[in-house]
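We count ligands from 1, going down the list as the structure has it; atoms in each ligand are counted the same way. What you see is a predicted model; the values in this text were computed from it and never measured.
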Amino acid sequence: MKRVLRLGVNIDHVATIRNARGGRHPDPIRAAKLAEDAGADGITAHLREDRRHISDDDIAALMAKLEVPLNLEMAATDEMLKIALRHRPHAACIVPEKREERTTEGGLDAAGGRRHLKPYVEALKKAGIRVSLFIEPDAAQLEAAVRLGAPVVELHTGAYCEARGRNRETQYRRLLDAAGVAETLGLECHAGHGLTYTTVGPVAAIPTIVELNIGHFLIGEAIFGGLESAIKRMRALMDKARSEAGGERSA
Ligand code: PXP
């Protein structure tokens with residue numbers, strides 16, 4: 001079976017830099033268009049409750065100007081649901097959100113939060129938005145995603161990326177097992193968080209993962225060599241790992 005591996009470029013941190021001075025530069029929409037040209041298959045943006053990076057206007061502009069699909073990362077709140085239903089992005093990834101965290105530190109508790117999450121999943125699906133749940137690579141969470149009716153899961157790769165030595169192998173094994181379980185359960189499997197040139201290869205080699213969402217590292221690398229070059233290099237590393245593992249790259 002042909003497996004494509006898509007790259008979703010997360011542009012949140014272009015907005016973080018813009019917001020540091022409160023003006024318009026650097027413009028995350030310009031970055032998104034450049035990412036499209038450099039080979040991104042989609043753009044990902046997280047509209048946080050505190051609007052620390054991406055703004056409401058950014059989402060409207062992305063919807064108007066992007067040619068590739070927009071994946072809106074959102075917390076399961078009424079405010080975010082209203083915004084998602086207004087814009088109808090291609091996809092919405094439901095993520096846990098804590099005001100005090102620096103980034104999305106862990107996966108959603110799909111198992112424990114089923115009652116709360118169900119109406120959000122249903123409303124987004126009803127609007128024709130492809131729903132994914134950002135979860136830890138854990139069988140119980142995957143099974144909960146199925147019970148919730150989510151067609152897609154995104155596995156949190158943070159623990160794998162941060163692990164050192166033998167723990168890196170343990171964390172990688174969790175991703176590998178979870179991606180296998182996702183396949184068995186009929187879930188489309190994505191992955192992301194903390195991925196770098198060093199950590200992306202083994203994840204890209206997992207044949208049942210069809211999308212990686214990568215942001216912070218790419219925007220950081222762009223400072224040194226430009227965004228286009230960072231995206232192209234990441235894309236090449238993903239494609240190499242996937243083709244060495246016997247899969248196929250994105251068309
Ligand atoms: N996927 C999800 C669901 C996320 O919340 C994030 C971070 O916002 C990413 C991917 C990208 O993570 P990073 O910026 O560390 O590459």
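- Geometrically, ligand 1 and V95 share no nitrogen or oxygen pair separated by less than 3.5 Å.
- For ligand 1, the atoms closer than 4.0 angstrom to any heavy atom of I214 are 16 (O).
- Under a 4.0 Å criterion applied to the non-hydrogen atoms of G194, ligand 1 contributes the atoms 12 (O), 13 (P), 15 (O), 16 (O).
- Apart from V95 itself, the hydrophobic cluster it occupies contains F134, where clustering links Ile, Leu, Val, Met, Phe, Trp and Tyr at side-chain heavy-atom distances under 4.5 Å.
- Close N/O approach between N213 and ligand 1 is not found [any backbone or side-chain N/O within under 3.5 Å].
- Here's the thing with E154: one of its N/O atoms is less than 3.5 angstrom from an N/O atom of ligand 1.
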How far apart are the C-alpha atoms of R173 and E169, what are their side-chain angles, what is the distance that settles it, and do they pass the salt bridge (charged side-chain N to carboxylate O under 4.0 Å, His left out) test? CA-CA 6 Å; R173 170 58 57 184; E169 280 167 45; over 6 Å; no
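- Ring centers of H156 and Y160: at least 6.0 Å apart, outside the cut-off.
- For the atom pair R18 CZ and R30 CZ, the distance stands at 13.5 Å (nearest 0.5 Å).
- Residue F134 has at least one heavy-atom neighbour below 4.0 Å for each of these atoms of ligand 1: 2 (C), 3 (C), 5 (O).
- Ligand-side atoms of ligand 1 in range of H216: 13 (P), 14 (O), 16 (O), range being under 4.0 angstrom from any heavy atom.
- When hydrogens are left out, the protein atom nearest atom 2 (C) of ligand 1 is E73 OE2, 3.0 Å; that is the closest non-hydrogen contact.
- Annotation: side-chain hydrogen bond (donor to acceptor under 3.5 Å, both in side chains) contacts involving residues 131-148, sequence neighbours excluded, comprise D109-Q141.
- In terms of polar-atom proximity, G215 is counted as a contact of ligand 1, with an N or O under 3.5 Å from an N or O of the ligand.
- A donor-acceptor distance shorter than 3.5 angstrom exists from the side chain of E36 to the backbone of V68, with no hydrogens or angles considered.
- Of the possible donor and acceptor atoms, one in the side chain of T196 sits under 3.5 Å from a partner among the backbone N and O of T199.
- Of the protein's non-hydrogen atoms, the one nearest atom 7 (C) of ligand 1 is H193 CD2, 3.6 Å.
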